[in-house]
Amino acid sequence: MNNEEKERHTFDGMEPVVKSVSVKKPQSFFGERPLTAIEMAPRVLRYQSRRDFLVFGAGALAALAGAGFVLPQQTLSRMGMPRNMDSPGKEWFLNKALRIDDDVAEALYSGTRRVPTYTKSQITSLKNNYNGATPDPSYISGWNLTLSGLASGLSISLDIRNLLTRFSVHEQITRLVCVEGWSGIAWWAGLKFDDLLRAYPPMSQAKWARVESSVNLDASGNPDPYFMSLDLATARHPQTLLATHVNGQPLTVDHGAPLRLLVPVKLGLKNVKAITSITYVAEEPRDYWAERGYSRYDGI
Amino acid sequence: MSQSTPPNCEPNSASTLQEQPGVLVVGKHHFLVRWSHWLNLPILLGLILSGISIYWASPIYQHKPDPNTGNVDVAADIGIWICAHVPGQHHYSSPPDWIYNHMSLGPGMLALALRLHWSCAYLFMLNGIVYVAGLVMGGAWRSLLPRRTDLLDALRMFRYYLGFPLAKLARRQWLHPRFNTKYNALQRAAYFSVSVAGFVSVATGWSIHKPMQLHWLAELFGGYNAARVWHFWLMWVYFLFVVPHVILVFADGWDTLRSMIVGWSTRAARSEVIAK
């Protein structure tokens, strides 16, 4: 601050405490403006500082309390917090964040936007990510797909030959993305879910499909049916397949023989292997992973 | 460090109410900038803790399974190395989890980590909007823009920081380069690039969160897998920024730290010699 700048200051009768001392004309729109120095009464400055420190201190305490509120109990225990901080409010808050994220995903979804496709040279390995034990192949010989919740009011059972002869086969090389972060590109073939919906229309009020695999096993090999909710808008996506083949070969048990869902606009966990039944319902059905703390829409 | 009462401070029209002369201060940070600055601390901490827990589920740096342990994760190897070589860690019960137990929410809690990551990510984006709004309303965005002279000036600052401890040891005078701008070139580069890093973190985050609906965004970063690598390394930008940032704030003094809370600084004259 030089004297020349000082002399240019103007008094403002309306503002008894604050007065402008240095005002320079800016050179350009992007040019940095000099900081404006103002004269403050020490009393006012002290009062404002005390207020700001109290408010920011309260904010810091609130942030600490917030961290204790949202962090998982395991983490808090490791940091030396002996008390159990789990509360219904924590679940509510974190689930709320999931729902907001699901709503965003649903808003981003477009029934006509196709996912990227790849060439055969870009195919990668695809790991068997069965959460539990991989089922014994003996289920394949007696396999049937049961459709219910249809407009006809009937329940229909189809075997793999029915499916392959009644519907045209579509191929696509797409990426499957796992919630864990890894992904794999594979060459899939099968019938369009949309074609199945047209051939066996669901009841008029249906908005959801419950897709289930009753042959799914838990880690110790006991039956653990896998069920998953799929909105019908996604089921009708042109790249949503009921896949029967991968990389030119019929599906192996590892990849859900004889029929799996291939829905590339959803996380891998929605791509149910060895589907045994599809039920059309009006209300959002239960979802295996949503019940374990993951999101329920899973649109990517 | 602070010139609290300029000697030639003349009494103004209100001085009859005051017993003391006024203090000359400059407004440095808009209150939205101050709030968003401090909110970044818990939000980024939450993002990093949950982010490393998410990384655990499928590490991007893997090697062939170790014949003895079956381990594939480089981060787990680092944990094993730390437990073997760092004193006091020899009896750590699960060496492969050392990194995850010390730098994340913990291993094996993907669902929880994802929920926390989304919560913090939405807050981070909101906070970014608040920060930009504060910069625009306070006009401080102009002080952050890079300029043509920055490279040379940044080198001068770098030379100053490198020489400062040596000069202190030798009890020699080491003058702070003079700038009559709000920030020196090195500060400007740091504050500008960390804001850009925040923006790119959000962009890469969306590209790996919605790789199908936003596949063009993933392609911008070289595809889904490359975007994950970007997102991971951007986390280290914050460490790279925060460590010198905190050291320099304390080295610079109370006025600088206080200004991020109260908004004003008593350093009304900008070009002064800091180290004497």
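Numbers restart at 1 for each chain; the letters A, B, ... are given by sequence-line order, proteins then strands. Both backbone and side-chain heavy atoms feed into the values below; hydrogens, waters and symmetry mates do not. Since the model is a prediction, treat every value here as computed from it, not as a measurement.
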Problem - Derivation of the ring-ring contact (aromatic ring centres under 6.0 Å, His included) call for A/His170 and A/Phe193 - result: CA-CA 11 Å; A/His170 296 264; A/Phe193 203 137; over 10 Å; no
Restricting to non-hydrogen atoms, name the atom on [X] and the atom on [Y] that form the minimum distance, rounded to 0.1 Å.
X	Y	result
B/Asn101	B/Pro107	OD1-CD, 3.3 Å
A/Asp287	A/Phe227	C-CE1, 3.6 Å
A/Asn129	A/Cys178	ND2-SG, 4.0 Å
A/Val263	A/Leu230	CG2-CD1, 4.4 Å

Do we get [X] above [Y]'s six-membered ring, with its NZ or CZ under 6.0 Å from the centre and within 45° of the axis?
X	Y	answer
B/Lys28	B/Trp264	no
B/Arg142	A/Phe29	yes
A/Arg292	A/Tyr288	yes

Side chain, backbone, both or neither of [X] within contact of chain A (heavy atoms, under 4.5 Å):
X	result
B/Leu116	both
B/Leu105	both
B/Leu39	neither
B/Pro42	side chain
B/Leu112	side chain

Exercise for the section: With a 4.5 Å heavy-atom cut-off (strictly below), which parts of residues 293-300 of chain A touch chain B? List them by number. Expected result: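 Those residues of residues 293-300 of chain A which have a heavy atom under 4.5 Å from chain B are A/Gly293, A/Tyr294, A/Gly299, A/Ile300.
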Practice task
Determine which residues belonging to residues 64-77 of chain A lie within contact range of chain B, meaning some heavy atom pair is under 4.5 Å apart, and list them by number or answer 'none'.
Solution key: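 Residues in range: A/Val70, A/Leu71, A/Pro72, A/Gln74, A/Thr75.
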[X] (side chain) donor-acceptor with [Y] (main chain) under 3.5 angstrom:
X	Y	value
A/Asn95	A/Glu91	yes
B/Ser94	B/Pro96	no
A/Gln239	A/Val115	yes
A/Arg114	A/Thr112	no
B/Arg34	B/His29	yes
B/Arg188	B/Tyr183	yes

Practice task
Give the ring-plane orientation class for B/His117 versus B/His231, where under 30° counts as parallel, over 60° as perpendicular and anything between as tilted.
Solution key: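 The arrangement is perpendicular - the two ring planes meet at more than 60°.
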Exercise for the section: Might you confirm whether atom CH2 of B/Trp230 has over 12 heavy atoms from other residues, nucleotides or ligands at distances under 6.0 Å? Expected result: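 Not more than 12 within 6.0 Å, no.
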Exercise for the section: Give the member of B/Glu219, B/His102, B/His215 that has the highest number of heavy-atom pairs under 4.5 Å with chain A. Expected result: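 Of the options given, most contacts go to B/His215.
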Problem - Which of B/Tyr224, B/Trp118, B/Phe31 touches chain A most, by non-hydrogen pairs under 4.5 Å - result: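 It is B/Tyr224.
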Exercise for the section: Decide if the gap between the ring center of A/Phe56 and the ring center of B/Trp35 is smaller than 6.0 angstrom. Expected result: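 Ring centres of B/Trp35 and A/Phe56 closer than 6.0 Å.
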Handout entry: From B/Arg147 atom CZ to B/Thr181 atom OG1, the distance as rounded to the nearest 0.5 Å
Key =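 The OG1 atom of B/Thr181 is 6.0 Å from CZ of B/Arg147, to the nearest 0.5 Å.
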Handout entry: Spacing of CG belonging to A/Asp224 relative to CG belonging to A/Asn131, to within rounding of 0.5 Å
Key =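 Atom-to-atom, A/Asp224:CG and A/Asn131:CG are 8.0 Å apart.
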Practice task
Would you please go through residues 202-210 of chain B and name the residues with a non-hydrogen atom below 4.5 Å from one of chain A, in numerical order?
Solution key: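 Answer by number: B/Trp206, B/His209, B/Lys210.
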Exercise for the section: Could you please state which residues from residues 52-63 of chain B sit under 4.5 angstrom from chain A, measuring non-hydrogen atom to non-hydrogen atom, sorted by number, or 'none'? Expected result: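 Residues of residues 52-63 of chain B touching chain A at under 4.5 Å: B/Ile54, B/Ala57, B/Ser58.
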Problem - Interchain contact, A/Val265 with chain B, by part (heavy-atom threshold 4.5 Å) - result: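 Its backbone and side chain both get close to chain B.
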Handout entry: Side chain / backbone / both / neither for A/Arg175 at chain B, heavy atoms under 4.5 Å
Key =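 Both parts, backbone and side chain.
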Exercise for the section: Answer whether the closest heavy-atom distance between the side chains of B/Tyr131 and B/His37 falls below 4.5 Å. Expected result: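 Heavy-atom side-chain distance check fails, nothing below 4.5 Å.
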Practice task
Flag the one option from A/Leu267, A/Val179, A/Asp101, A/Leu108 with the top tally of heavy-atom pairs under 4.5 Å to chain B.
Solution key: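 The candidate making the most pairs under 4.5 Å is A/Asp101.
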Problem - Full working for salt bridge (charged side-chain N to carboxylate O under 4.0 Å, His left out) between A/Glu32 and B/Lys182 - result: CA-CA 8 Å; A/Glu32 185 172 347; B/Lys182 185 175 176 185; over 6 Å; no
